[in-house]
There are 2 protein chains.
Amino acid sequence: MRKLGRTPYKQQIADDLREQIADGSLSPGDQLPTEAELEKRYGVARGTVRQGIEILINEGLVVSARPKGHFVRERKPMVFRPQAEFRPRPYTPEMDAFMTESSADGREARQTIEVSIVEAPAEVAKRLQLDAGQLVAVRRRVRFLDGEPFNINDSYFPLDLVQDSEIMRPQNITQGANEVLADLGYRQVRALDELYVRMPTPEEVKRLDLSPGTPVGYHVCTGFTEEGKAVRVAVTVLPGDRHVVSYERRRETDPAS
Amino acid sequence: MRKLGRTPYKQQIADDLREQIADGSLSPGDQLPTEAELEKRYGVARGTVRQGIEILINEGLVVSARPKGHFVRERKPMVFRPQAEFRPRPYTPEMDAFMTESSADGREARQTIEVSIVEAPAEVAKRLQLDAGQLVAVRRRVRFLDGEPFNINDSYFPLDLVQDSEIMRPQNITQGANEVLADLGYRQVRALDELYVRMPTPEEVKRLDLSPGTPVGYHVCTGFTEEGKAVRVAVTVLPGDRHVVSYERRRETDPAS
DNA sequence: ACGGCAGGATTGTCTAGTCAATGCGGTCAA
DNA sequence: TTGACCGCATTGACTAGACAATCCTGCCGT
């Protein structure tokens with residue numbers, strides 16, 4: 001029992017369980033066999049079993065609910081549509097066909113808002129074309145659905161633009177921050193979206209109550225006025241298990257047709 | 001040394017090292033202290049040290065190069081621009097300001113192509129408005145940059161549309177598969193992009209040679225003709241450590257202005 | 001009927017060790 | 001000089017155990 005050159009036990013355990021999850025013998029929400037059970041079944045030490053399960057946890061397939069056991073993870077993403085701010089119209093009809101499951105219907109929505117003035121983080125300063133250390137206003141929001149944190153949205157504005165405006169008040173802005181900016185003379189007509197895929201920082205894990213093995217989409221949106229001035233940078237952190245990012249595109253500048 | 005209620009040692013070790021990575025005392029490419037070294041430094045068993053490092057590996061911050069040691073991971077993402085197929089024009093000028101680092105300049109590009117006819121996977125069938133099990137043509141590509149696998153792109157087409165066309169040949173299509181489809185009378189004018197963020201499957205890990213702790217963006221693009229017929233589903237797997245997804249948007253249907 | 005408490009099942013943390021696998025550098029022979 | 005080989009440092013896999021933490025369940029007393 002001490003020679004290698006085979007696939008490690010932990011890997012085999014992970015593979016077997018993953019297979020069972022894939023083929024449906026274990027459905028989302030089901031409990032996995034207990035560690036003791038697997039220990040017996042495979043004839044290995046508990047530490048090895050745990051390492052096998054650890055693999056699945058880090059793949060986001062399993063969550064542990066101590067001390068009840070390990071469970072197959074459930075995943076129900078919600079649509080995140082960056083375009084909505086410029087084009088609030090509904091999806092193309094074809095969309096419904098495969099997106100009906102992702103809706104916020106009947107769920108209780110809520111958000112916390114916190115406004116402050118900070119030195120622009122390098123990433124933000126770069127996009128707002130400011131020097132490092134210049135001050136910006138930031139509206140930090142955490143959005144909840146049914147009491148669970150759903151995503152983080154931090155919007156940064158050059159301080160001189162929004163000083164004393166409604167944006168500085170830590171309340172819900174009914175007509176939207178973009179409209180307020182427009183009223184101030186900074187209507188955004190273009191935006192650049194960047195989406196990074198990575199593992200969350202510990203801080204994000206805490207703020208969003210993420211379980212291990214949950215990657216996040218890190219969405220940075222920079223809004224520009226007609227004159228090409230960057231007036232807003234919105235950073236959104238989207239837990240991968242709770243979101244689908246969606247865009248619609250149309251062909252432009254047809255060369256033929 | 002046997003009472004808990006404190007933060008676990010493994011967590012502390014991970015936190016300390018993460019901190020050092022964040023503040024620059026450990027730069028990308030640097031070697032971490034060896035396990036033996038950390039064992040001594042923290043006065044814990046080697047297993048505990050390993051668990052601490054494991055955390056960072058799963059966060060994508062550290063890679064191990066056995067038996068040389070553990071190293072701080074390097075990350076250089078490349079821009080992925082789904083819009084390019086409909087709008088090959090360059091970025092907005094502002095883009096350069098913070099995207100210059102992400103370019104393929106001077107790197108050797110290559111791809112493998114493999115064409116086959118398969119039963120449509122459920123996910124694809126749904127989007128192509130086919131019944132489960134109907135046949136589709138699929139072009140599977142793995143794209144390499146400097147010999148390293150960079151992303152996977154599988155494009156599915158309803159079999160009856162592309163039968164005997166150039167799309168069925170496992171070669172590079174110089175004018176692009178979309179042009180071939182257009183020549184066949186199925187010009188795409190709209191597309192729907194969906195982007196899921198998740199951990200890779202073991203198969204994806206193998207195909208893309210991903211190191212642990214690398215999440216992927218799972219990009220599904222459905223292309224529609226003028227009549228609203230779905231004629232193409234492209235599934236792209238984007239390793240998070242090697243890509244930024246980018247979109248440009250413009251305000252439409254101005255209500256005011 | 002109800003509240004609290006004890007015990008049990010289960011996962012979480014950790015120790016102290018063994019042996020395997022691997023890449024690198026240095027030694028030594030051709 | 002070159003190539004083969006050996007040893008070493010390091011990480012990888014695993015064992016067998018101990019004790020901690022946590023939630024649930026069922027019992028008991030009021």
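Numbered from 1 within each chain, the chains take letters A, B, ... in sequence-line order. This one's a predicted model, so the numbers in the text were calculated from it and none came from an experiment.
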How close or far is atom [atom2] of [N] from atom [atom1] of [X], stated in whole angstroms?
X: A:L38; N: D:dC14; atom1: CG; atom2: P; result: 14 Å
X: B:I57; N: D:dT10; atom1: CD1; atom2: P; result: 17 Å
X: A:I55; N: D:dA13; atom1: CD1; atom2: P; result: 8 Å
X: B:Q12; N: C:dC14; atom1: CD; atom2: P; result: 9 Å
X: A:R46; N: C:dA16; atom1: CZ; atom2: P; result: 18 Å
X: A:Y42; N: D:dC14; atom1: OH; atom2: C1'; result: 16 Å
X: A:Y9; N: C:dA20; atom1: OH; atom2: P; result: 13 Å
X: A:E39; N: D:dA16; atom1: CD; atom2: P; result: 9 Å

- [ ] Tell me whether the guanidinium CZ or amine NZ of A:R110 lies under 6.0 angstrom from the six-membered ring centre of A:F144 and within 45° of its axis.
- [x] yes

Open item on the list: Distance to the ring centre below 6.0 angstrom and angle to the axis at most 45 degrees; does that hold for A:R198 and A:Y218?
Closed with: yes

TODO: Find the distance between OG (B:S155) and CD1 (B:I113) and round it off to the nearest 0.5 Å.
DONE: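 It is 10.0 Å, given to the nearest 0.5 Å.
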
Task: Interatomic spacing from CZ in B:R6 to CD in B:Q12 - rounded to 0.5 Å - done: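 So the gap between those two atoms works out to 8.0 Å.
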
Open item on the list: Tell me if the CD atom of A:E37 is crowded by more than 12 foreign heavy atoms within 6.0 Å.
Closed with: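 Result for CD/A:E37: enclosed.
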
- [ ] May I ask you to evaluate whether B:R50 reaches the phosphate of D:dG12, defined as a side-chain N or O under 4.0 Å from OP1 or OP2?
- [x] yes

Open item on the list: Is the phosphate of C:dT13 approached by B:T48 (side-chain N or O, under 4.0 Å from OP1 or OP2)?
Closed with: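 So the side chain of B:T48 is outside the cut-off, no N or O lying under 4.0 Å from OP1 or OP2 of C:dT13.
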
Task: Closest nucleotide among C:dT15, C:dT13, D:dC14 to the B:V44 side chain - done: C:dT15

Each nucleotide N or O in nucleotides 5-10 of chain C that has a protein N or O under 3.5 Å away: list the pair and distance.
unit_1, atom_1, unit_2, atom_2, d
C:dT10, O4', A:P67, O, 3.4

Open item on the list: Does this structure show an ion pair linking A:R18 with A:E59, if we count only N-O contacts that are shorter than 4.0 Å?
Closed with: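 A salt bridge links A:R18 with A:E59.
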
Open item on the list: Parallel, tilted or perpendicular: which one describes the rings of A:Y247 and B:Y247, with boundaries at 30° and 60°?
Closed with: parallel

